[in-house]
Amino acid sequence: MDLITSLTSQVMNKAMDGLSKRHKAIASNLANVDTPNYKRRDVSFEGALSHAIHEVKGQGSLARRQASNDEQLPMRTTRAEHIPIGHAASSIDDVSVDIQEAQDVQYRMDGNSVDVETEMVQLAKNTERFNALARMESGYFKGLRSVITGGGGA
């Protein structure tokens, strides 16, 4: 088992990537609060990431999963507009973290769908989640370093 690329590390990296993109989307929303016809943007990846974790855990290690995929000739999408064929994301690498426009919400008559208070709440939530993940990942690597160096300290 490769400790650096373990499932835990892959999930934390993918989640931090998603939260980083969400932060950019929120910043873009706030920057365009006065732009007519601007549609707010958001990032949704938690469901796909949860599904991929379930798939990977259900089928054992990533190496064994990749070996079985070699026999099935898996289809992969390379752009957000592509429709996945035959399956949803079944590995952590397949989880798509894309910025999408919200079409169903409109707060103002000029067509802009950004609400500053909503964006500020989302920004605070996103920041807390990112900081929690950063602390978890830091602890994960401190634990690895402790194991590598013998763990005793002093």
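Everything numeric in this text was worked out from a predicted model, so none of it was measured. Along the sequence shown, residues carry numbers from 1. The analysis underlying the following values was restricted to heavy atoms, covering all of them including side chains, and did not include hydrogens, waters or symmetry mates.
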**Request:** Using the test side-chain hydrogen bond (donor to acceptor under 3.5 Å, both in side chains), find all partners of Glu46 that sit at least two apart in sequence or belong to another chain.
**Result:** Arg22
**Other ILVMFWY residues reachable from Met109 by side-chain steps of under 4.5 Å** = none
**Request:** Please report the shortest heavy-atom distance between Lys14 and Phe45, naming the atom on each side.
**Result:** O-CE1, 4.5 Å
**salt bridge (Lys or Arg N to Asp or Glu O under 4.0 Å) pairs, two or more places apart, involving residues 132-150** = none
**Complete:** In this structure, CD1 of Ile26 is separated from CG of Asn126 (nearest 0.5 Å) by 4.5 Å
**Request:** Only pairs at least two apart or in different chains count here, so list each salt bridge (Lys or Arg N to Asp or Glu O under 4.0 Å) that has a residue in residues 107-123.
**Result:** Arg40-Glu119, Arg108-Asp110
**Qualifying residues under salt bridge (Lys or Arg N to Asp or Glu O under 4.0 Å), relative to Glu128, sequence neighbours excluded** = none
**side-chain contact (heavy atoms from CB on, under 4.5 Å) against Ser50, all qualifying residues, sequence neighbours excluded** = none
**Prompt:** Where the side chain of Asn32 meets the backbone of Ser28, is there a donor-acceptor pair that is under 3.5 Å apart?
**Reply:** yes
**Message:** Quick check: closest heavy atoms across Ile99 and Ala25, and the distance to 0.1 Å?
**Reply:** CG2-CB, 4.2 Å
**Request:** List the atom of Lys39, the atom of Ser113, and the distance in Å for their closest heavy-atom pair.
**Result:** CA-OG, 3.3 Å
**Message:** Suppose we screen for side-chain hydrogen bond (donor to acceptor under 3.5 Å, both in side chains). Which residues come up paired with Arg41, at least two apart in sequence or across chains?
**Reply:** Tyr38, Glu101
**Message:** Is there a continuous path of hydrophobic side-chain contacts, each under 4.5 Å between heavy atoms, that joins Met12 to Val43?
**Reply:** yes
